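What follows is a short report on a single structure.
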Protein chains: 2
Amino acid sequence: MDGDQAHWLGENDFNLFRSSVPISEQEIWLSFYQLHKDKIQVQKQNVAIEKLKIIIQATFKLSNQKGFTLMSLRDLSRETNMSMGSLYTYIGSKGQLAEMIHQFLPHIFNLCIPDLSNSIKSARERLQRFIRGHVFITECLHDWFFFAFMETKHLSRANKKLAMKNELNSEQWLEKIISDGERLNEFASVDRFLMGLSIKSLLQNWYVKRTTYRQGKVTCEQYIQFIEQMINKMIEKR
Amino acid sequence: MDGDQAHWLGENDFNLFRSSVPISEQEIWLSFYQLHKDKIQVQKQNVAIEKLKIIIQATFKLSNQKGFTLMSLRDLSRETNMSMGSLYTYIGSKGQLAEMIHQFLPHIFNLCIPDLSNSIKSARERLQRFIRGHVFITECLHDWFFFAFMETKHLSRANKKLAMKNELNSEQWLEKIISDGERLNEFASVDRFLMGLSIKSLLQNWYVKRTTYRQGKVTCEQYIQFIEQMINKMIEKR
DNA sequence: GTCAATAACGAACGAGCGTTCGTTTTAATT
DNA sequence: AATTAAAACGAACGCTCGTTCGTTATTGAC
C-alpha cells in the first residue's frame, strides 16, 4: 500500500523525495506556464517559459531587496533586460504578476502532498508525511513560499480570501490528523488547536528564517528530525 | 532576591505583570514621546503626545489594511483629520515614521525584560521569565510588534541592521540560557541553536497569528502553559 | 485686548509610478 | 527574397506620491 510513495519517509531522503515528485526545475516552470497559459499573450511555449522564468526570478530577487510594492516595473525591466511593453505581454499587470505566483503554490502543494486520509490509516504516518513533505517542498520552492509569506498584502480581495482559506486548510488538516491519532489511541491527549498551530509555526519557520538556518549549517533532514522529536514528545503516550 | 519582580511568574498572572512594568497606555505614549522628542517640531508635550497617539494608531490601522508602503500620507491625513503640513511637524518624513515605531520596540523590551543573568542563577527561572515576559509584552503591545514584523522592508540600511541585531540578540540570549541550563545540569542536552530558534518561532507566533488565537479563544496564559510544556519536554532530564 | 509664539493648514511641485499603443525588429514560411 | 505573423520596443499619458512652504488660525502671557 505504501510502496514507492513511501520511500522518502526514510532517513536522510530529501533526494528521494525530490525524485518522487514533479518538482524539477523544468517541471516547475512548465506547470507554472500551463497554469497561466490563458493569461499570457506570447504564444510559443518555449519562448514563454524561458522569459517567465527570468521575470519571476527577477521578481523574487527585487522583492527580497525592497519588497514587492517598492519594486517598480522599471526595476523589473532593467533586471530582466526586457522592455516595459514586452513585460506586459507576459504579466498582464503588476497585480496579476503577484497573483500568478500566489496561485501556483496550492497547485504545486496538492500535487506533492496529496490527501492521504483514505489510503493511509495510521495517523502517525500521515503526520510524518505531512511534516516531511512540507519541509521538503518549501526547501525546493523556497523563493516561492517566502515571497507568498511576505507579500500577502498585495492580493485582490478574492485572492486574499483564497490564501487565507488555504492557510486555514492546512491548519485544519493538522488538527484532523491529531484528533484522529487521539481517537485511534496512537497519540496522547493534547490541545489539537494549539498543537496544530504550533506545528504550522515550526514548519513555516523553516522557509521564513532560511538564511539563519543556512548560517547555522542545519540541513532540512536535521530540522525535520528536531521538530519531529519535539512534536512526538507532546503526542506520545507514556 | 526575587521578591517583588517575581510575582508575575505565578500562574494566571498577566495582570500582575502589567502592573509591575511601565506599560500602561499613558506610560507607553510618554516613553515614545521622550524617545523621539528631538525629532518632533511641536513643543508642547501634551499636544505632541496626544497627536502622536492618533498618528501612530492610524498608521497601525492603515498598515494592517494595505501595508505601510501602500498607505499614502494622504490616507493618513484623512484618517487622523490632520493636514499634510501638520503631519510633517510630527513625523519628519514617511520613512522616519516607520523608523520611530521600530526604534521604540527594543527600548520598551529592555525596560520590561532586563538582563537577568546576574541576579538570577537558575536557568530554568530565567527561561521562564523570558518566555512569559515575551508573550506578555507582545500581548500588551501587539500592534507595535505586528507592525515591526510585517514592515521590516522599509527601514533604512542602518535601522535594518539594527533590527537584525536585536533579533539576533534575543536568539543568542535564548541559546545562552539553554547552554547555561545544560552546564548547570538543570536541562537535558539539546541542540541549542535549533531549540533557541524554535522557541523564538513559537513566541513570535503569538503576535503574528493573534487573530487566529483570538478566534480559538486562547488566552495568553493558556498559550504560555502550552509552549512551556512543549519546551520542558525537550529540556527536562529523565 | 494685544501681541508674539506656536501649531495647523493645503495648494503646489517635481519625481516616479503603472500602463498603453503605434512602431520596429525578429523569426518562420513560402 | 518576399511575405506575414509574432514578439519586443520605449516614448508618452494620466495619475498619485512624498514633500515643501507661504499663509492662516490658535493659544496663552501680560
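Chain naming here is simple, since letters A, B, ... match the order of the sequence lines and numbering starts at 1 in each. Owing to the predicted nature of the structure, the values given are computational and were not obtained by experimental measurement.
- Between B:Gly85 and B:Gln41, the one whose closest nucleotide on DNA chain C sits nearer the 5' end is B:Gln41.
- In this entry the distance linking CG of B:Asn81 with P of C:dC9 reads 9 Å, nearest Å.
- Under the 6.0 Å distance and 45° angle rule, A:Lys94 counts as a cation-pi partner of A:Phe68.
- Rounded to whole Å, the distance from CG on B:Leu73 to P on C:dG16 is 17 Å.
- Whole-Å rounding puts the B:Leu70 CG to C:dC17 P distance at 14 Å.
- Between A:Tyr90 and B:Tyr88, the residue anchored closer to the 5' end of DNA chain D is A:Tyr90, taking for each the nucleotide with the nearest heavy atom.
- Classified by interplanar angle (parallel below 30°, tilted 30° to 60°, perpendicular above 60°), the ring pair B:Phe145/B:His134 is tilted.
- Distance, A:Leu76 CG to C:dT19 C1': 14 Å, rounded to whole Å.
- The CD1-C1' distance, from A:Ile91 to C:dT19, rounds to 10 Å in whole Å.
- Counting only residues at least two apart or in different chains, salt bridge (charged side-chain N to carboxylate O under 4.0 Å, His left out) contacts with residues 147-162 of chain B are absent.
- Annotation: the span from A:Glu139 atom CD to A:Trp206 atom CH2 amounts to 5.0 Å, rounded to 0.5 Å.
- How far OG1 of B:Thr212 is from CD of A:Glu167: 7.0 Å, rounded to the nearest 0.5 Å.
- Comparing A:Ser86 and B:Thr89 along DNA chain C, the residue whose closest nucleotide (by nearest heavy atom) sits nearer the 5' end is B:Thr89.
- Separating the CZ atom of A:Arg74 from the C1' atom of C:dG18 is a distance of 7 Å, rounded to the nearest angstrom.
- Using a 4.0 Å heavy-atom criterion, one finds that A:Ser93 contacts the sugar-phosphate atoms exclusively.
- When DNA chain D is scanned 5' to 3' for any atom under 4.0 Å from a heavy atom of chain A, the first and last hits are D:dA6 to D:dA12.
- Using cut-offs of 30° and 60° for the angle between ring planes, the B:Phe130 and B:Phe109 rings count as perpendicular.
- Straight-line distance from the CD atom of B:Gln45 to the P atom of C:dA7: 12 Å, rounded to whole Å.
- Distance A:Leu87 CG to C:dT19 P: 11 Å, rounded to the nearest Å.
- At a cut-off of 3.5 Å, with distance as the only test, a side-chain donor of B:Asn205 or B:Tyr213 sits close to an acceptor on the other residue.
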